[in-house]
Structures are given as C-alpha cells and as structure tokens.
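Report on the structure given below.
Note that these values count all heavy atoms, side chains included, but never hydrogens, waters or copies made by symmetry. Below, chain A is the first sequence line, B the second, and so on; all start at residue 1.
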Amino acid sequence: MRFSKTFIPTLRETPSEAEAVSHKLLLRAGYIRQLASGLYMFLPLGLRVMDKIHTIIREEMNRIGAQEILLPVLHPAEIWQKTGRWYEIGDEMFRLKDRTGRDMCLGMTHEEIMTWLASREIRSYRDLPQVWYQIQTKLRDEARPKSGIMRTREFIMKDSYSFDRDEEGLEQNYKLHIEAYNRIFTRCGLKFYQVESDPGMMGGATAHEFMAPSPAGEDDVALCDSCGYAANVELAISISPEVKFEDWPFEEVHTPGKKTVQEVSEFLGVGPEKFIKSLLYIGENGPVLVLLRGDQDLQEKKLERIVGQVRPAHKEEVQEVLGVEAGFIGPHGHKIRIIADEALKEGVYISGANKVDYHVKGLRPGEHFNPEWADLHIAKEGDRCANCGSTLRIERVIEIGNIFKLGTKYSEPLGATYLDDKGKERPIIMGSYGIGPARVAAAAVEQSHDDDGIIWPVSIAPFKVIILPLNMKHEKTLSVAEEIYRSLTDRGVDVLIDDRDERAGVKFKDADLIGIPLQVVVGEKGLKSGSVELKDRKTKERENIPLEQAVERITEKLKSLEAQLEV
RNA sequence: CGGGGCGUAGCGCAGUCUGGUUAGCGCACCUGCCUUGGGAGCAGGGGGUCGGUGGUUCGAAUCCACUCGCCCCGACCA
C-alpha cells in the first residue's frame with residue numbers, strides 16, 4: 001500500500017491521557033484513537049494488526065478441530081436468568097429493554113448463549129464432542145477502563161466452548177486448547193507463561209491463564225524456575241522463609257502506643273517474622289479473625305475461598321467484636337471463628353495482648369490458641385516453592401488468554417443434555433476458553449519497543465516491509481523504489497511504500513515509530529554505488545545490497561525473521 | 001464506588017493564585033520560495049463561543065455553585 005493514500009495520523013507528541021507504553025505508542029503511531037473512556041477505534045494500521053492476530057488464532061483453532069460460528073451480542077435476559085448470572089453480575093453488565101419491554105443485555109461473554117444453542121441441537125453422544133468458537137465483540141461496563149486497549153468496555157474476544165460426554169473428553173479438549181494457545185502466542189511473538197488461575201465466578205475446578213510478562217500488566221504470577229510451578233498470586237502457594245524461634249516464656253510486655261507489627265518490631269528489636277498479625281474481617285456469616293505471620297500479607301482471595309465474601313472490619317467493629325482496640329488484638333481468648341496461615345503451626349510468637357498498650361511474648365500455637373489452618377498468605381518474591389523448595393520469583397503480567405473447565409455449571413441450568421449409548425440422559429461437560437486479541441497486540445508493543453517506537457513481531461506487523469524513497473523528486477530514487485515495491489507486492493509480501501513528498505528525516509522517524517520490521521532505504525547516496533539499504537528495525541543492523549539482488553535479499557531476510565516465530 | 005489530578009486551536013502547553021485592551025507560544029495545517037540520508041529554513045496565512053450551565057461583577061479563561069468529560073491510585077474485574 002501507499003503511505004500517501006493510507007490514513008496513518010502519526011503524532012509528534014504523546015497525547016497527555018496516555019500512560020502505558022502501548023497506549024502512547026499506538027496513539028502516536030496512528031493505530032488507534034479513543035472515542036470515550038474504554039472505547040477505541042482501530043485505524044487502518046491498527047485494524048491490520050488485529051486482522052493478523054485473528055488470522056493466526058483462526059488457523060490454530062481450526063487446526064484443533066474447532067468450528068467458527070457467530071453469535072449475537074444482544075441477548076434475552078431470560079437465558080442469563082436461568083444460570084443465575086443475571087442476578088449475580090452487577091453493574092458490569094449492560095442491560096436494556098427492547099420495544100416491548102423485554103429485558104435484554106449485551107453479551108459480556110457467551111457461555112449462556114453457546115450452551116443454549118447446544119441444549120437445542122445436541123441430543124446424542126454421537127453429536128459429541130463439539131468445539132465452537134467465535135471472534136466477536138464483548139461489552140462490559142468496566143468500573144475502570146485503563147491502559148489504552150488493555151482494559152476496555154467494548155472489545156473483541158476469541159471465545160471457544162467445548163462440549164463433551166465426560167471428563168475425559170473435556171480433558172482432551174482442554175489439552176488441545178493449551179496446545180493451540182501455545183502456538184498462537186508463540187506465533188504472535190510474545191513471551192508468555194501458562195499459570196494456574198482462580199476459576200472464580202466462571203465456576204468449575206480447573207483454570208489456567210496465559211500471561212505475557214510486562215510491567216504494564218494488572219496481575220502478578222509466582223514462578224519457580226527450577227520445577228516450573230507457575231500460578232497467579234491469587235492462589236499461588238509458597239513457603240515463607242524459615243524462622244529460628246526463641247524459647248520465650250509467656251509474658252505480657254508493655255508497648256505503649258505501638259500498634260502495627262512494624263512499630264512493635266522496631267520497639268522490641270525483634271524481627272516481624274516472630275509476630276502474629278491478627279486481622280478482623282467481616283464475612284457473610286459473621287466476623288472472622290485471620291492470623292498471619294508478621295512478615296506475611298493476607299491474600300483476600302484465599303480467605304474468600306474459605307469463608308465467602310469478606311471485608312476488613314472497621315475500627316469500631318474491632319472494639320465491638322473483640323473488646324479491644326485495633327492494634328492490640330491477639331489470637332487467644334476469642335470465641336469467634338479463627339483461621340490461621342499454616343506458617344504459624346510451629347513457633348513462639350509475639351502478638352497483641354487484647355489489652356491496650358500491651359503485647360504478649362511466648363505465644364504458642366496449639367497451646368494458647370487453636371485456629372483452623374489454611375494457606376492464606378500472599379506469595380512473595382523470595383518465598384520458597386511449595387513443590388520443590390527453590391526460590392520463587394514474582395512477575396507482573398498481562399492476561400492474554402484463559403481456559404476454564406466448566407463441567408456442568410451451564411449445561412445443567414440450561415438443560416444441555418445428551419443421551420448416552422445406554423439411553424441415559426446426561427449433562428454435557430463443558431469448557432470455555434478465551435483470548436483477547438487487543439491485549440495480544442498491546443502486550444506485543446509493551447514487550448517490544450524502543451525510544452523510537454514500536455518493533456512489531458513480523459507475524460502481526462501491519463506491513464512486513466516499508467520502502468523509503470528519500471527524495472521523491474529524484475527520478476532514479478523513485479523508479480527504483482517503485483520497482484522494488486512492485487516486485488515485492490507481486491511476491492505477495494505486505495509492503496508499504498512511503499511515497500509522501502516528505503523529507504528523509506520525517507520518513508525515518510515515522511517508519512521507526514510505526515514499527516514495521518524491515519525498512520528498505522532508497523537514497524541517492526546508495527544509488528550512486530548501485531545499492532539500496534536494508535535495515536532491521538529491531539537490531540538496527542543495516543546492509544547495503546546491490547540493486548539486482550535487492551528483492552531476493554529482502555525476501556530472504558523476511559523469511560529468516562518469520563522462521564524465528566515458527567512453531 | 002472511594003481518593004487524587006486535569007479540561008484553553010488537531011497535538012503539547014502558558015495564562016487562572018492576584019478578574020481589566022483584540023487569549024498567547026511550539027508543533028501540525030494552508031500558500032509561495034527554498035531544501036532533500038534522521039521530525040530543515042524563510043515569508044505570508046487560516047483555525048478558539050477557554051468542557052457546559054447558572055451566578056457574582058461595570059467587566060470572568062481567571063471568583064462562586066452545580067454539572068459533564070478524561071486520566072491516575074484503590075475497590076471491582078464472570
């Protein structure tokens with residue numbers, strides 16, 4: 001394509017609303033524009049990138065036998081009411097009424113509709129398995145859209161759903177999706193991890209996320225480089241560093257005005273790992289006292305998995321429930337439910353004395369208090385791997401894909417059943433699998449850019465090659481550039497030719513900014529010696545190639561770049 | 001939803017505290033000349049109801065009230 005005839009509105013300066021690197025660069029390079037909070041338009045370059053990603057996704061989904069279909073975005077409320085999600089989901093669902101007053105909603109995901117389709121069409125075990133997918137718009141009224149196209153209110157999603165007779169079939173499709181996802185993200189040039197994740201409200205037992213490491217992400221994962229353990233910190237298990245305890249006798253110590261673990265730790269000159277941190281939470285079934293080692297923090301998600309939704313107690317509630325001021329709570333002598341992190345099973349600790357301005361020393365679990373034990377602490381850098389004992393690493397990531405084993409969570413309420421070979425009616429066993437193509441694009445930019453702009457992996461670049469005729473008034477420059485453009489186009493290469501009547505500097509800057517992997521510079525300097533210059537956007541390496549070999553060499557170089565992303 | 005910040009030309013900003021000619025600057029844009037290997041130069045030019053509404057005042061971008069929008073942190077994230 002011709003630059004002069006393509007809408008590529010590059011910006012010299014970054015619009016002030018952008019914070020994330022991918023947001024800044026995609027705006028500056030003319031890929032996207034914002035319509036309103038969480039609503040983005042994809043301009044020609046942006047759309048080309050999205051199309052490339054979609055194509056890779058389609059190829060790999062088709063390869064595992066998934067079939068593409070397309071469902072509506074507008075859904076009757078009734079189906080969502082049957083699974084209960086109409087009521088469970090709050091403001092995040094866009095709701096509306098049609099002209100007859102019927103309740104409708106905009107699809108945030110499509111489990112309900114896919115399952116509804118399956119419930120009507122699948123009757124026999126002979127119809128199974130099925131894997132259906134779509135690449136389609138989702139709408140979620142996000143509380144806080146952020147980071148450009150990373151978290152938006154309207155976005156395209158590849159969502160697939162597997163329908164099987166039994167758990168074995170589901171396991172099979174789950175594995176196939178893992179293979180497909182690995183191929184997709186590898187082909188898209190991303191660095192990524194597959195981690196264990198919290199199935200959350202999707203239901204079901206097993207779930208994994210595909211995470212692209214980037215400081216711009218919204219999640220943290222715990223990784224063990226030696227055994228490969230990888231999990232979202234929401235559920236990652238870790239062993240806190242071991243502590244050598246002292247054999248303190250049980251005694252009260254005066255700690256005037258010292259409330260937090262840190263304050264008391266400094267005041268007494270004892271490390272925080274020898275403290276018990278007591279936190280009062282209010283749950284659906286009343287208050288819960290949560291105990292952690294002083295050097296640990298609570299992972300609320302873990303607590304919620306045990307007791308349901310919770311919130312920290314207010315100061316007044318602490319006084320009311322425990323009869324002591326917050327800051328001096330101890331684990332002993334309370335009648336409410338107490339749950340402690342397993343790290344506290346052994347040791348001799350200091351904790352609040354349940355008495356203002358006092359702490360107790362020599363507190364022994366099992367002797368002075370008897371809690372329920374659970375894994376409650378948040379895994380942090382330097383903790384040991386629960387699997388193999390090596391040191392864990394915590395990394396910030398962008399969620400680019402997720403996979404869930406759903407079981408019968410949707411098939412049962414929607415009556416999606418089949419008759420097995422004995423004529424018995426059984427619920428279909430389901431799985432659901434998502435990929436956010438816009439996040440794939442954003443993650444690619446986050447992971448691959450420099451001060452000058454984007455550096456696209458060749459597989460998802462809007463064009464693979466950009467030709468830069470430096471002086472449009474120079475006859476030879478023009479004819480050579482056009483000739484290379486034509487030859488490459490004839491060979492089916494995606495080429496952009498910067499045929500604008502701009503100065504060389506402008507063309508260089510824009511080419512770097514929009515991030516096309518290969519630049520072909522056609523200038524008078526090179527032409528004097530009968531050559532053009534081939535520049536690799538990523539390595540910045542330049543090579544002069546004789547005119548007659550130009551097209552050959554460019555395609556060769558392109559092939560070698562492409563080969564790096566092959567799976 | 002809680003906390004913070006910001007709305008002045010397409011983009012980046014100054015002016016607002018301390019009200020007072022015709023609201024400025026850089027880039028971009030248009031015309032001409034010139035230039036052509038890293039966002040050139042010169043000359044001329046177009047573009048603003050200062051987010052909106054109401055108020056105070058002789059006078060409001062500037063002060064007050066309400067309101068809308070955008071961004072960041074947190075909560076939430078099926």
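- Distance check on atom P: B:G7 versus B:C50 gives 15 Å, rounded to whole Å.
- Across the C1' atoms, B:C63 and B:U16 are found 10 Å apart, a figure rounded to whole Å.
- The base of B:G37 does not come close enough to the side chain of A:Asn471 for any donor and acceptor atom to sit less than 3.5 Å apart.
- Only the C1' atoms considered, B:G54 is 25 Å distant from B:U18, to the nearest whole Å.
- For the pair A:Arg140 and A:Phe94, the cation-pi criterion (under 6.0 Å, within 45° of the ring axis) is not fulfilled.
- One finds the OG atom of A:Ser160 at 9.5 Å from the CD1 atom of A:Ile403 (value rounded to the nearest 0.5 Å).
- Nucleotides B:G52 and B:C58 are separated by 26 Å at their C1' atoms, to the nearest Å.
- Place A:Met108 and A:Arg153 on RNA chain B by their nearest nucleotides, and A:Arg153 ends up nearer the 5' end.
- Across the C1' atoms, B:U49 and B:A9 are found 13 Å apart, a figure rounded to whole Å.
- Contact between the side-chain N/O atoms of A:Ser37 and the OP1/OP2 oxygens of B:G69 is not found at any separation under 4.0 Å.
- Rounded to the nearest Å, the gap between the P atom of B:C70 and that of B:U8 is 14 Å.
- Remark: the separation of the P atoms in B:C25 and B:A43 is 14 Å, to the nearest Å.
- Under 3.5 Å, the side chain of A:Glu533 and the base of B:G37 form at least one donor-acceptor pair of N or O atoms.
- Residue side chain A:Arg28 reaches the base of B:G39 through a donor-acceptor N/O pair under 3.5 Å, judged by distance alone.
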Atom pairs under 3.5 Å, N or O on each side, protein against nucleotides 6-10 of chain B: can you list them with distances?
none

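- If you take atom C1' in B:U22 and the same atom in B:G59, they sit 16 Å apart, rounded to whole Å.
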Protein-nucleic acid N or O pairs under 3.5 Å, nucleotides 26-30 of chain B:
from, atom 1, to, atom 2, distance (Å)
B:G26, N2, A:Glu13, OE1, 3.1
B:C27, O2', A:Arg12, NE, 3.3
B:A28, OP1, A:Arg12, NH2, 3.2

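- Proximity of A:Lys146 to the phosphate of B:C73: a side-chain N or O atom is located under 4.0 Å from OP1 or OP2.
- A close approach under 4.0 Å does not occur between any side-chain nitrogen or oxygen of A:Arg503 and OP1 or OP2 of B:G39.
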